[in-house]
Every structure is written in structure tokens, then in C-alpha cells.
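Remarks on the structure that follows.
Side chains are part of it too, since the values below use all heavy atoms of this structure and drop only hydrogens, waters and symmetry mates. Small disclaimer: the values here were computed from a predicted structure and weren't measured.
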Number of protein chains: 2
Amino acid sequence: MELEVYLKERKAYIDGILKDFLPDEPRFGKKLYEAVKYSLTVGGKRLRPILCLAACEVVGGGIEKAIPVAVALEMIHTYSLIHDDLPAMDNDTLRRGHPTTWKKFGEATAILAGDALLNRAFEVIADSSLESELKVKVISEIGRASGMLGMVLGQQCDIEAEGRNDVSLEELEFIHRHKTGALITASVVSGGIVGGGSEKELKALRGYGQLIGYAFQIIDDVLDVAGEQEKIGKNVGSDVEKGKVTFVTFYGVKGARKKAEESVNKAIEMLEIFPVSKRELLEKIARFIVEREY
Amino acid sequence: MELEVYLKERKAYIDGILKDFLPDEPRFGKKLYEAVKYSLTVGGKRLRPILCLAACEVVGGGIEKAIPVAVALEMIHTYSLIHDDLPAMDNDTLRRGHPTTWKKFGEATAILAGDALLNRAFEVIADSSLESELKVKVISEIGRASGMLGMVLGQQCDIEAEGRNDVSLEELEFIHRHKTGALITASVVSGGIVGGGSEKELKALRGYGQLIGYAFQIIDDVLDVAGEQEKIGKNVGSDVEKGKVTFVTFYGVKGARKKAEESVNKAIEMLEIFPVSKRELLEKIARFIVEREY
């Protein structure tokens with residue numbers, strides 16, 4: 001199957017089920033519910049859930065088991081975007097081609113909508129029909145990737161780096177390994193856990209996740225310089241405007257693309273322990289990450 | 001034992017172990033770590049962990065099993081205070097007698113420190129040595145109480161009610177059942193779960209938790225009008241200043257105190273299924289909640 005078609009289908013499928021994992025509308029405070037629903041359904045590539053489901057399949061699991069975990073990952077990703085966009089953080093007004101949550105619902109509700117999604121993510125996993133043992137493994141994996149050893153730490157470092165021109169390559173890599181890489185890696189690994197992957201398989205998936213996560217961030221930096229606003233759905237050129245040191249600062253656009261390609265090639269090597277027929281999809285997703293225009 | 005002594009000892013014990021549940025200081029982004037540590041250790045009654053441990057004991061469990069859950073509850077409580085204090089929310093500068101987290105570390109770091117603590121809470125439970133089955137039950141209980149069906153929803157409603165003088169008693173009770181009551185109830189119930197309580201025992205603990213949670217909030221409202229700033233450690237009179245409808249608005253100071261007492265008496269009735277020797281502590285804690293001056 002063509003990857004484009006596959007990604008579209010999976011995205012449509014995930015778009016369709018996300019709302020099913022929200023609770024009923026409350027008696028009071030409906031605006032919170034509206035803000036959560038808006039943020040979760042306004043769009044996005046759904047890369048993390050797609051990776052989770054694909055990783056579940058590569059180890060031989062059925063995707064229905066991974067669905068609550070995939071949904072939880074998208075909830076966590078969405079919460080992080082809501083908080084990152086806040087005036088006190090990146091102060092962004094446009095995301096996925098629409099007003100950011102705080103711009104539409106106000107700052108207080110945006111902070112709370114993020115909090116709500118983070119809580120809900122763990123609740124969705126805990127309340128799923130998975131075996132308790134697997135739930136706990138996945139919650140531990142995702143909690144670490146999302147929290148103060150992962151994504152939250154990465155965002156903190158990113159803010160501290162802003163406007164400084166003395167950011168070293170080591171620091172930049174640390175930022176992105178945590179800010180973007182950790183949750184992408186956890187998406188792949190948790191899919192593998194749910195699918196019943198062996199230790200060896202989970203190790204390969206972890207390596208794959210780290211390498212595509214790295215490539216993903218490099219391409220994000222490239223697109224901020226060389227992408228088209230319409231396709232990306234957020235303001236282009238904002239990194240330069242904010243005086244941010246990015247991978248493009250160190251490698252230039254061409255050099256950065258090359259780095260991303262190298263990383264994706266290594267990621268694909270990691271998949272060699274899986275049967276050719278099964279690994280094809282994760283290979284294609286890896287290539288898509290460097291070739292994407294949005 | 002005198003309750004005062006008991007509470008002091010338990011508080012000191014909890015104060016002493018909280019830091020053990022934080023990860024090592026990171027290579028970059030140390031300010032996040034500092035903000036988390038500051039917020040978590042700056043003080044507080046530690047009521048939620050104390051309730052969790054006491055509920056574990058009332059059903060016959062050993063407290064060592066409940067400790068990670070108790071720590072997680074204090075982390076979640078602390079995250080909620082950090083976010084509630086933000087300029088976009090309650091805009092408070094003083095908490096527990098010290099500058100609020102955003103006042104000391106800036107808004108961005110405060111938002112992230114809250115996020116970090118919420119993530120860490122679930123991670124701590126998932127990584128504890130409890131049986132997987134119990135971990136999942138506790139995560140589900142706490143996630144629901146803390147999230148968009150619980151505390152987060154309550155805070156949203158509280159913000160929406162601010163400045164409005166048409167808040168009904170129904171709405172006010174809805175706010176506080178979610179904002180304060182839910183996590184207090186979850187603290188008691190999760191202690192009971194970890195201690196191996198029966199369905200009947202958990203039901204009694206849930207009723208107890210809801211009733212003391214209600215009383216707790218009423219007394220909070222009373223103290224905001226009639227308390228001493230020095231003892232409370234936060235600005236007194238802030239509700240009136242913000243034009244907030246509170247339980248004092250409906251019942252007056254004396255009437256509100258009476259309501260709280262009635263609720264606590266009912267809470268104590270809930271405990272009758274437990275042996276007299278064992279339930280004494282939860283009874284005393286319930287009475288403390290209405291008698292406290294801070």
C-alpha cells in the first residue's frame with residue numbers, strides 16, 4: 001500500500017475515535033470540555049498514535065489492544081502543545097492552521113485543558129482492557145518520557161536556550177532528545193510492549209524511536225526555515241525571529257537534511273531483526289519523516 | 001496519642017521522604033528541578049498523604065505499601081496549587097507563607113513544574129513495588145479525581161464563578177466537590193485500596209472522604225474571612241476582594257461552621273464498620289478538619 005494512503009486512513013481512524021475516550025459533558029464548566037475537545041480534534045498528523053499501532057503490529061500484536069495507548073499518547077502530545085503555545089511559553093497564536101487553545105478559550109482554560117488531557121491519558125490506559133502488568137509498564141514508560149526526565153524537561157531547556165547564542169550542539173541535542181524524541185520513542189516502545197514484544201524487540205524499537213525522533217526534530221527546524229506556511233499550518237520563520245539556535249544554525253539546511261537522512265537510515269537498520277514483510281511499514285514511516293513537507 | 005503530635009510526626013515523616021521520589025538532577029534545565037523541589041518541600045499540612053496512610057491502616061494494611069501512593073497524592077496536590085496560583089488563574093503571590101512558584105521561578109517554569117509533578121505522580125505509582133492490579137486501581141481512582149471529571153473541572157468552574165454574584169448553592173457545591181473534595185476522597189479510597197480493603201470498606205471510606213472534603217472546603221472559606229494570616233500562610237480576605245461567592249455567603253461564618261460540623265459527624269458515622277481501636281485516628285482527623293485554624 002502507498003504510505004500516503006495508509007497514513008491518511010490511520011489518521012482518519014484515529015480522528016474518529018479520539019472523542020470516544022472523553023467523558024460525558026459535565027453539568028458545569030462546559031468550557032473546559034469544549035477546549036479539550038477542540039484541542040484534541042483540531043487536526044495534526046497523529047504521528048505518535050500511528051507509530052504506536054505500527055510498532056504493536058511489527059511485533060505481531062493486534063492493534064485493537066494498542067488503541068487506548070495510542071489515544072493516550074495523542075492526548076499527552078496535545079496537552080504539551082497547549083501548554084507550549086501559552087503566552088508565558090512560546091506565545092504562539094496559530095497551530096495546525098487554527099487559533100491555539102489559549103487564543104480561543106483564554107489562558108486559564110488552556111492551562112486546565114492541558115492538565116485535563118494529561119490526567120485523562122493515564123486514566124484511559126488504566127481503564128483499558130489490557131492486562132494490569134502491561135498497563136503498568138506502559139504508564140511507567142510514558143510517564144518517564146512525558147515528565148521531568150523527558151518532554152517537560154526538554155521544554156524547560158528549550159525556553160532557557162531561547163535568545164542565547166551560546167547554545168552548544170550538546171545542549172541542543174539534549175533539548176530535542178527530551179522535548180520531541182522522548183515521547184516519539186515512548187510511542188514506539190509502548191506499542192511494542194502492548195503487542196507482546198520481546199526484550200530484544202523492544203530494544204530495537206527503542207533505538208528506532210530515538211533515531212526517527214532525532215530526524216523528526218531536525219526536519220522541524222528545516223521546515224521552519226524552508227517550509228511553506230500553508231502546508232505546516234503554523235507560523236514559519238518563528239525560530240529565526242526568536243533568535244533560536246536550531247540544527248539549521250549548526251548544519252545549514254542542506255547539512256541538516258543530510259543528518260536527518262543518516263539518522264533515518266540507522267533507524268531502518270534497527271528494524272532488521274523483524275521479518276521483511278512486517279517491517280516495511282515502519283521503514284516507510286521513517287522515510288516519510290525526512291521527506292515530509294508539513 | 002494526641003492528634004497534634006501524630007499529625008506533626010506524620011508530616012515530618014512525609015516531608016523527609018518526598019525528595020527521595022524525585023529523579024536525579026538533570027544535566028540541563030536544573031531550574032525545573034529546583035522549582036519542583038521548592039514547591040514540593042516548602043511546607044503544607046500533608047493532609048492527603050496522611051489520610052492515605054491512615055486509611056490504609058484502618059483496613060489493616062501496613063503503611064509502607066501506601067507510601068508511594070501518599071507521595072503521589074502530595075505531588076498532585078502540589079501541581080494543582082502551582083497552576084492555581086498562576087497569574088492567569090488566581091494570581092496569588094503567597095502560599096504556605098512563601099512566594100508562589102511562579103513568583104519565584106517565573107511563569108513558564110511554574111507551568112512546567114506543575115506538569116512535571118503530575119507526570120511524576122503517576123510514574124511513582126507505576127514504578128512502586130505494589131501488585132500491578134492495585135497500581136492500576138489506584139491510578140484510575142486518582143486520575144479520575146484529579147482530572148477533567150474531578151479537580152481540574154472544579155478549578156475551571158471556580159474560575160467561571162469568579163466575580164459572578166448569581167452562583168447558586170448547587171453550583172458552589174459542584175465546584176468544591178470537584179475542586180477539593182475529589183482528591184481528598186481519592187486519598188482516602190486509594191489508601192483503602194492499597195491496604196486491601198473490601199468493597200464495603202472502600203464504600204465507607206469514600207463516604208467519609210466526601211464528607212470531610214466538604215467540611216474542609218467550608219472551613220477554608222471560613223478561615224478566609226475569620227482566620228489569621230500568620231497561621232494560614234496565605235493572604236486573608238482574598239475571596240471577598242475577588243467578589244467570590246463562598247459557603248460563608250450562603251450560611252454566614254457561624255452557619256458555615258455548623259454545616260461543617262454536621263458533615264464531619266456524618267463522616268464519623270461512616271467509620272462505624274471499623275473496629276473502635278482502629279477508627280479512632282480517622283475520627284480525630286475529621287474533627288481536626290473543622291477545628292483547625294490554618
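Under a cut-off of 6.0 angstrom, the local environment of NZ in Lys30(B) is crowded, with over 12 non-hydrogen atoms contributed by other residues, nucleotides or ligands.
Looking at Ile76(B), there are no atoms closer than 4.5 Å to chain A (heavy atoms on both sides), in backbone or side chain. For chain A, the nearby part of Glu160(B) is the side chain; its heavy atoms alone come within less than 4.5 Å. Contacts of Val124(B) with chain A are absent, with no heavy-atom separation under 4.5 Å from either backbone or side chain. For Leu117(A), no part lies under 4.5 angstrom from a heavy atom of chain B. Contacts of Ile159(A) with chain B are made by side-chain atoms alone, with heavy-atom separations under 4.5 Å and no backbone atom involved.
You'll find the side chain of Leu32(A) reaches within 4.5 Å of the side chain of Met148(B), heavy atoms only. Considering only heavy atoms from C-beta on, His83(B) stays 4.5 Å or farther from Leu112(A) through its side chain. Within the 4.5 Å cutoff, the side chain of Leu153(B) has no heavy atoms near those of the Phe28(A) side chain. Side-chain contact between Asp115(B) and Tyr79(A) is present, with at least one heavy-atom pair separated by less than 4.5 Å.
Inspection of non-hydrogen atoms places Ser132(B), Glu133(B), Lys135(B), Val136(B), Ile139(B), Ser140(B), Gly143(B), Arg144(B) of residues 129-144 of chain B under 4.5 Å from chain A. Listed in order of number, the residues of residues 170-178 of chain B that approach chain A to under 4.5 Å between heavy atoms are Glu170(B), Glu171(B), Phe174(B).
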